[in-house]
Amino acid sequence: MDSPDTSNAPAVVADLIARAEQVGASDIHLQMTGDGLAVAFRLNGLLAPVETVAKPLAEQVLGRVKYLAKLQTWQDSTPQDGRIAKEEVGARHDLRVATYPTVTGEKIVIRLFTQADPPSLAELNLPQPARNELEKFLRQPSGMLLLTGPAGSGKTTTIYSCLKFLQELGDRHVITVEDPVEQVLPGIMQTDVNEAKGLTYPKAARHLLRQDPQVLVLGEIRDDETAQIAVRTALTGHQVITTLHAGSVGAVFERLRVMVPDWSAVVSSVALVLNQRLVRTCCESCAGKGCDSCLQTGFRGRRPIAEWTSVNDETRDLLGNGGSGTVKPSGQNLREQALALLEKKFTTEGEIHRILGA
Ligand SMILES: [Zn+2]
């Protein structure tokens with residue numbers, strides 16, 4: 001077996017990128033420690049240790065990554081951001097590089113950007129009723145879809161699948177504000193938020209609404225102003241698709257109640273709330289025991305589970321009476337869906353515990 005040349009920094013960097021792509025990792029984490037450079041891959045959303053590169057090669061590896069990303073190689077006390085074009089390292093993905101100073105030394109995260117088409121709603125593997133609700137919403141001319149769930153629960157992928165659906169539906173002017181734009185979709189007008197340059201979500205959204213879109217996609221509602229713009233836009237004959245950090249469907253309404261003074265506007269604008277998680281599925285090569293292709297984690301790939309509330313007259317009555325905390329999912333809840341995956345041996349009890357708690 002040919003072992004890769006790991007005697008010099010360029011070869012180490014190329015080898016790490018190739019291995020990360022091979023296992024399907026989303027990020028490469030390089031953390032300087034007392035022993036050298038600790039390398040970990042993010043696989044299925046979680047970090048898995050890979051190896052430690054000994055000094056002095058460790059420092060050269062960091063230098064090489066910074067050089068490729070056109071960053072200041074001597075600078076390790078302030079964060080820097082850059083990109084590496086895939087051609088430069090023979091990779092299949094474009095790479096986004098972020099450096100952070102930490103107490104034990106510099107940390108670099110290399111993110112692998114997929115250029116593949118986003119999955120269709122069918123390919124997302126959402127439970128069928130949740131998918132039906134999404135499609136029903138997307139065919140409507142107006143109203144707001146709110147996706148919720150913790151970081152890494154697949155909200156962005158769901159948004160991209162919705163965008164793909166709208167793209168195929170055609171005839172709609174779709175505008176997005178994202179932080180950052182992760183994939184470029186033909187026919188959709190996408191804008192990057194740039195907080196450093198003062199282009200915030202509310203500013204970008206207000207500016208872009210002058211283009212008179214039919215659909216406005218906001219990557220995230222982070223502040224009251226954005227929440228109010230989203231509600232107003234959905235009430236004035238537009239479709240709005242966005243995400244809000246909350247743990248449940250009820251919590252989404254609780255947060256909106258705080259963020260938007262006009263509660264009746266919230267109640268009338270929200271059409272669908274989807275609360276999702278990603279459940280890691282057992283590695284098929286080793287049946288969950290751990291092997292090289294799953295970095296000994298036993299998992300390969302993830303499937304979404306999602307509970308939702310479609311806001312109908314009954315829900316509006318309930319919300320109108322101030323009962324946002326009592327809004328219940330319309331179909332199977334997250335736990336019921338997780339247990340269904342367990343029954344089919346797609347996942348493990350430990351994984352369900354990790355995702356949903358006790
Ligand atoms: Zn395996």
Side-chain angles (χ1 to χ4, degrees), residues 1-6 11-31 33 35-53 61 86 89-93 95 108-120 122-127 149-158 161 276-306 334-335 337-358:
M1 192 178 120
D2 275 358
S3 57
D5 175 16
T6 49
V12 171
V13 172
D15 174 56
L16 286 177
I17 294 169
R19 281 158 64 197
E21 291 192 319
Q22 200 185 358
V23 295
S26 59
D27 313 75
I28 302 169
H29 285 236
L30 306 170
Q31 167 79 62
T33 69
D35 302 328
L37 189 66
V39 180
F41 291 167
R42 186 182 294 281
L43 185 66
N44 306 320
L46 295 187
L47 282 180
V50 173
E51 67 188 29
T52 300
V53 178
V61 167
K86 54 180 182 284
V89 282
R92 282 184 281 127
H93 300 78
L95 308 166
I108 292 186
V109 177
I110 305 172
R111 179 128 187 241
L112 286 71
F113 274 90
T114 171
Q115 292 304 308
D117 241 17
S120 67
E123 287 161 346
L124 260 189
N125 270 326
L126 277 168
S153 58
K155 301 187 290 287
T156 305
T157 307
T158 303
S161 298
Q276 76 169 70
R277 302 287 184 278
L278 286 177
V279 178
R280 288 183 301 167
T281 48
C282 296
C283 171
E284 284 175 11
S285 317
C286 64
K289 289 183 191 71
C291 66
D292 283 348
S293 67
C294 62
L295 295 178
Q296 309 303 328
T297 58
F299 294 102
R300 189 116 199 232
R302 290 182 288 181
R303 277 180 91 107
I305 51 175
L334 289 176
R335 187 164 299 276
Q337 292 174 33
L339 291 175
L341 289 181
L342 183 63
E343 209 160 279
K344 290 180 192 149
K345 298 200 165 35
F346 281 146
T347 192
T348 65
E349 270 188 75
E351 175 65 0
I352 292 176
H353 186 80
R354 185 183 74 82
I355 300 280
L356 297 177

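Whatever order the structure lists them in is the order used to number ligands and atoms, beginning at 1. Predicted model, so just to flag it, every value in this text is computed and none were measured. The figures that follow rest on heavy atoms only: side chains count, while hydrogens, waters and symmetry mates do not. The chain is numbered in sequence order, starting from 1.
- Around the CD atom of Gln296, the shell of radius 6.0 Å holds more than 12 heavy atoms that belong to other residues, nucleotides or ligands.
- Counting only protein N, O or S atoms, the number found under 2.8 Å from the Zn ion (ligand 1) is 4.
- A donor-acceptor pair under 3.5 Å links the side-chain atoms of Lys155 to the main chain of Pro150, judged by distance alone.
- With sequence neighbours left out, the side chain to side chain donor-acceptor pair (under 3.5 Å) criterion links Asn125 to no other residue.
- The nearest pair of heavy atoms linking Phe41 to Ala25 is CB-CB, 3.8 Å.
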query = Hey, mind stepping through Leu112 and Ile28 against side-chain contact (heavy atoms from CB on, under 4.5 Å) and telling me if it holds?
reply = CA-CA 8 Å; Leu112 286 71; Ile28 302 169; 4.1 Å; yes

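- Summarising the geometry of Ile352 relative to Leu339, their closest heavy-atom pair is CD1-N, 4.3 Å, with the distance given to 0.1 Å.
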